[in-house]
Amino acid sequence: MKILFYMPHADVAEWLHDFARALPEADLREWQAGDTAPADFAVVWRPPREMFAGRADLRAIFNLGAGVDAILALEHAQPGTLPRNAQLIRLEDSGMAPQMAEYVTHAVLRYLRRFDEYQTQQDARRWQVLDPHPRETFTVGVLGLGVLGAHVARTLASFGLPVRGYSRSARDVAGITTFAGEAQFDAFLDGVKVLVNLLPHTPETGDVLNARTFAKLAQGAYLINVARGGHLVEQDLLDALASGQLAAATLDVFREEPLPPDHLFWQEPRITITPHMSALTLRAESVAQVARKIKALAHGDTVSGVVNLDRGY
Ligand code: NAP
Ligand code: GLV
């Protein structure tokens, strides 16, 4: 079987080495511009459009991340870019869920225990105990109850916090109050103190973090966006911070990455910025998962993680 690999800014030799160990029978190669030789599978992150041209034989495209928005953007901009018979398959957890739970838990506990404000006090050499946030009203709302969102929600609930989750179809997650579909969106938001975004970026979810959404939250709420920058209306966040509707935000993802040096977010002390690192693609786990699925497909079996192109995730 022939496998194409493409991952910018990565140590490609190490990835190919690990794939060769996991799939010794495979003929693996890094895709280079102009390579139109046959291939059965492609393993990619943010591939260029040309990689798929004339590849009617491609059986599956493995996306080396959970979010498939970048690859689907190629298809939306130019329908027919992705080979018609190729399944698009994303990473499922592969070590991302524990990382995401650590990141979000850290941010939630930082706000719960007011460490952000204590840091400001330390900077001013000020010694003062602040009133704690009441735990019972420190409701965390997790947008997206998929592989990552459900794990994050369960982890937060283990700290005794009230946790809600929102998904497209009804989900049952132990210890979480769940809401589903647009009709329940406002009820989900009502009074939430920390809003965590773990939705995929699709035509339906773009701009979901906006002024209307923020207005439904508790006064002085917190935002944690770890999904995609396209979910956030940036000016609405700045306005909500200025009015006090939001107290602070932790952002790992941005409309433009890297975040430009002159972006207003860098100047807002209530915004905490990290460089899209909340849940990294781990090589060992990802190679193992993709190799297992390639073997299954080669044997004619079905696999999980197949993206529904109409839904966009
Ligand atoms: P997933 O398993 O596909 O889960 C997606 C969840 O969102 C599901 O619960 C789904 O509802 C819900 N959803 C989708 N569209 C919706 C809509 N219109 N309204 C309400 N709910 C909707 O995805 P995942 O693996 O958890 O990953 C989520 C996202 O995290 C990725 O798409 C990616 O953008 C982001 N991510 C970021 C990083 C980072 O480092 N910052 C790392 C990994 C992933 P159903 O349950 O009904 O299907
Ligand atoms: C990272 O952002 C991913 O989607 O895996």
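As the structure lists them, so they are numbered: ligands from 1, and atoms in each ligand from 1.
Among Arg171, Glu182, Arg168, His276, the residue whose heavy atom sits closest to atom 11 (O) of ligand 1 is Arg168.
Nearest non-hydrogen protein atom to atom 18 (N) of ligand 1 is Glu204 OE1, 3.0 Å. The closest protein non-hydrogen atom to atom 28 (C) of ligand 1 is Leu198 O, 3.4 Å. When hydrogens are left out, the protein atom nearest atom 3 (C) of ligand 2 is Ala66 N, 3.4 Å; that is the closest non-hydrogen contact. In this structure, the protein non-hydrogen atom closest to atom 39 (C) of ligand 1 is Ser278 OG, 3.3 Å. At the shortest separation from atom 7 (O) of ligand 1 among protein heavy atoms lies Pro200 CD, 3.2 Å. In terms of protein heavy atoms, atom 4 (O) of ligand 1 is closest to Gly146 CA, 3.1 Å. In this structure, atom 2 (O) of ligand 2 lies nearest to the protein heavy atom His276 NE2, 2.7 Å.
A donor-acceptor contact closer than 3.5 angstrom links the side chains of Asn210 and Thr213. Donor-acceptor pairing under 3.5 Å is lacking for the side chains of Arg228 and Thr205. There is no side-chain donor-acceptor pair under 3.5 Å between His263 and Glu256.
Proximity of Arg311 to ligand 1, defined as any heavy-atom pair under 4.0 Å, is not found for any part of the residue. Contact annotation: for Val147 versus ligand 1, heavy atoms closer than 4.0 Å belong to both the backbone and the side chain. Residue-level proximity to ligand 1 for Met100 is carried by the side chain, the only part with a heavy atom below 4.0 angstrom. Neither the backbone nor the side chain of Asp93 has any atom closer than 4.0 Å to an atom of ligand 1 (non-hydrogen atoms only).
Between Tyr166 and ligand 1, not a single N/O pair is under 3.5 Å apart.
No heavy atom of Arg90 sits closer than 4.0 Å to any atom of ligand 2.
Residue Leu199 has at least one heavy-atom neighbour below 4.0 Å for each of these atoms of ligand 1: 7 (O), 12 (C), 13 (N), 21 (N), 22 (C), 29 (C).
The distance from atom CG of Asn225 to atom CG of Leu237, rounded to the nearest 0.5 Å, is 9.5 Å.
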Just list the side-chain donor-acceptor pairs under 3.5 Å for residues 12-19, sequence neighbours left out, or say none.
unit_1	atom_1	unit_2	atom_2	d
Glu14	OE1	Arg283	NH1	3.0
Glu14	OE1	Arg283	NH2	2.9
Asp18	OD2	Arg283	NE	2.9

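In terms of heavy atoms, Ala221 sits closest to Leu217 at CB-CB, 3.8 Å.
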